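This one's a predicted model, so the numbers in the text were calculated from it and none came from an experiment.
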Amino acid sequence: MSLSEAEISKAANDLLNAEKTLKQIGLLTLRHPDLDMDGAYAIQKELARAKLAEGRKTIGWKIGLTSKAMQDALKIDTPDSGVLFDDMLFETGATVPKGRFIQPRIEAEIAFVMKASLGGANVTREDVLAATDYVCPSLEILDTRIQRVDPATGEARKIFDTIADNAANAGLVLGTERHAPATTDLRWIGAIVSRNEEVEETGLGAGVLNDPVEAVVWLARRMADYGQTIEAGQIILSGSFIRPVECPPGSKVHADFGPFGSVSCSFA
């Protein structure tokens, strides 16, 4: 990792201020051309530390970039992850206040709620199933505190920008239905996602590393590299199986997961 502690701290503070002021910052990969995966996660960790210092609490983790389409688009071969905080959680049917986010988008995902801790470099699929209390339908709200494209150079965000920016996470909405993961084939759980009653996206759980359970295996193993573990009671967003849907003011989003349940939210 080539960034100094001062550079990491400044990047994290700039991202925190962007979230508060709703004014995006420039690409960190232009500011630091040698920014790598470890540096990006170091910025994310410092950003999380600053949020915790302000009184927020960690409630779980998100997994992103799990589909082949998204990985190919960003020319990477690995997912990424971010931290979920208590002020990000919305109940299904909730209205997101105007001005809460900069450029919100949503994705449909299967959420895991844990009943036991999970960690280590050798976590297996069976370990994930044993540690999961239930799975449920969910929406992830994405936002970007970093410009998607640099106006001067035309350079687009890179994976390291996204990771530093808490994997672009901004919020989550959980459905009320609960299912046992061991007796539910999550590969075949799908959703029809509508905005203002028009279908925007459809997808299947198999789009997430062929099985959302495998995404949680990946997360637990990656966290082990950084000395972290998934804790009991935490929520894991296992990754989207649709493309992000833009949500300008006035958007009403509904994700119909069929027998698995449904989840919705609106943007004032």
Query raised in the report: Hey, does the side chain of Asp127 reach the backbone of Val123 with a donor-acceptor pair shorter than 3.5 angstrom?
Result: no
Report task. Without swapping roles, check the side chain of Lys62 against the backbone of Ala167 for a donor-acceptor pair under 3.5 Å. Result -> yes
**Report entry** Any pair counted as salt bridge (Lys or Arg N to Asp or Glu O under 4.0 Å), so long as it reaches residues 92-101, sequence neighbours left out
**Finding:** none
Query raised in the report: Is any side-chain heavy atom of Arg157 closer than 4.5 Å to a side-chain heavy atom of Ile146?
Result: yes
Query raised in the report: Taking the side chain as C-beta and beyond, is there a heavy-atom pair between Met88 and Asn166 under 4.5 Å?
Result: yes
Query raised in the report: Is the closest basic N to carboxylate O distance between Asp86 and Lys51 below 4.0 Å?
Result: no
Query raised in the report: Nearest 0.5 Å, what's the CZ-CD1 distance between Phe112 and Ile236?
Result: 9.0 Å
**Report entry** Between Asp165 and Thr162, a side-chain donor and acceptor under 3.5 Å
**Finding:** no
Query raised in the report: For Lys115, what residues pass the side chain to side chain contact (heavy atoms under 4.5 Å, CB included) criterion, not counting sequence neighbours?
Result: Asp133
Requested in this report: Check for a donor-acceptor pair, side chain of Asp256 on one end and backbone N or O of Ser262 on the other, with a separation under 3.5 Å.
Outcome: no
Report task. Given side chain to side chain contact (heavy atoms under 4.5 Å, CB included), test Ile141 with Phe267 step by step and report yes or no. Result -> CA-CA 11 Å; Ile141 302 173; Phe267 293 82; 4.3 Å; yes
**Report entry** Any donor-acceptor pair under 3.5 Å from Thr184 side chain to Ala180 backbone
**Finding:** yes
Query raised in the report: Which residue pairs pass the side-chain hydrogen bond (donor to acceptor under 3.5 Å, both in side chains) test when at least one of the two sits in residues 193-208, sequence neighbours left out?
Result: Arg195-Glu200, Glu201-Arg243
Query - Main-chain N/O of Ser138 paired to Glu109 side chain as donor or acceptor, under 3.5 Å - result: no
Query raised in the report: Any donor and acceptor pair, going by atom type alone, linking the side chain of Gln44 with main-chain N or O of Ser81 inside 3.5 Å?
Result: yes
Requested in this report: Please assess Thr176 against Val263 for the test side chain to side chain contact (heavy atoms under 4.5 Å, CB included), listing each intermediate value before the final yes or no.
Outcome: CA-CA 8 Å; Thr176 57; Val263 59; over 6 Å; no
Query raised in the report: With sequence neighbours left out, what residues match Tyr226 under ring pair (Phe, Tyr, Trp, His ring centres under 6.0 Å)?
Result: Tyr41
Query raised in the report: Would a distance-only check, ignoring hydrogens and angles, find a side-chain to backbone donor-acceptor pair under 3.5 Å from Thr58 to Gly60?
Result: no
Query raised in the report: Within the side chain of Gln24, is there an N or O that forms a donor-acceptor pair under 3.5 Å with the backbone of Thr144?
Result: yes
Requested in this report: Inspect the contact between Glu246 and Arg148 and indicate whether a charged nitrogen and a carboxylate oxygen are less than 4.0 angstrom apart.
Outcome: yes
Query - Side chain proximity check, Val253 to Cys247, heavy atoms < 4.5 angstrom - result: yes
Report summary line: Rounded to the nearest 0.5 Å, the CE atom of Met223 sits from the CH2 atom of Trp61 at a distance of 4.0 Å
Report task. Classify the side-chain pair Glu140/Asn169 by whether it contains a donor and acceptor separated by less than 3.5 Å. Result -> yes
Query raised in the report: Would Glu46 and Arg49 pass as an ion pair if we require N to O under 4.0 Å?
Result: yes
Query raised in the report: Given side chains that start at C-beta, do those of Lys45 and Ile43 come closer than 4.5 Å, heavy atoms only?
Result: no
Query raised in the report: Side chain of Thr92, backbone of Ser264: donor and acceptor closer than 3.5 Å?
Result: yes
Query raised in the report: So do Thr132 and Val128 actually touch side chain to side chain, heavy atoms under 4.5 Å?
Result: yes
**Report entry** Pairwise side-chain contact, Leu3 with His32, heavy-atom cut-off 4.5 Å (strictly under)
**Finding:** yes
Query raised in the report: Leu237 versus Ile63: any side-chain heavy-atom pair under 4.5 Å?
Result: no
Query - Asp225 bridged to Arg221 by N-O distance under 4.0 Å - result: no
**Report entry** Listed partners of His179 passing ring pair (Phe, Tyr, Trp, His ring centres under 6.0 Å), at least two apart
**Finding:** Phe260
Report summary line: Across all chains, not counting sequence neighbours, the salt bridge (charged side-chain N to carboxylate O under 4.0 Å, His left out) partners of Arg56 are Glu19, Glu54, Asp87
Query - Close side-chain approach of Ile189 and Ile110, heavy atoms under 4.5 Å - result: yes
Query - Basic-acidic side-chain contact under 4.0 Å: Asp211, Arg125 - result: yes
Report summary line: In terms of heavy-atom contacts, Ala164 and Leu28 come closest through CB-CD1, 3.7 Å
Query raised in the report: Between the side chains of Thr29 and Asp161, is a donor N or O closer than 3.5 angstrom to an acceptor N or O?
Result: yes
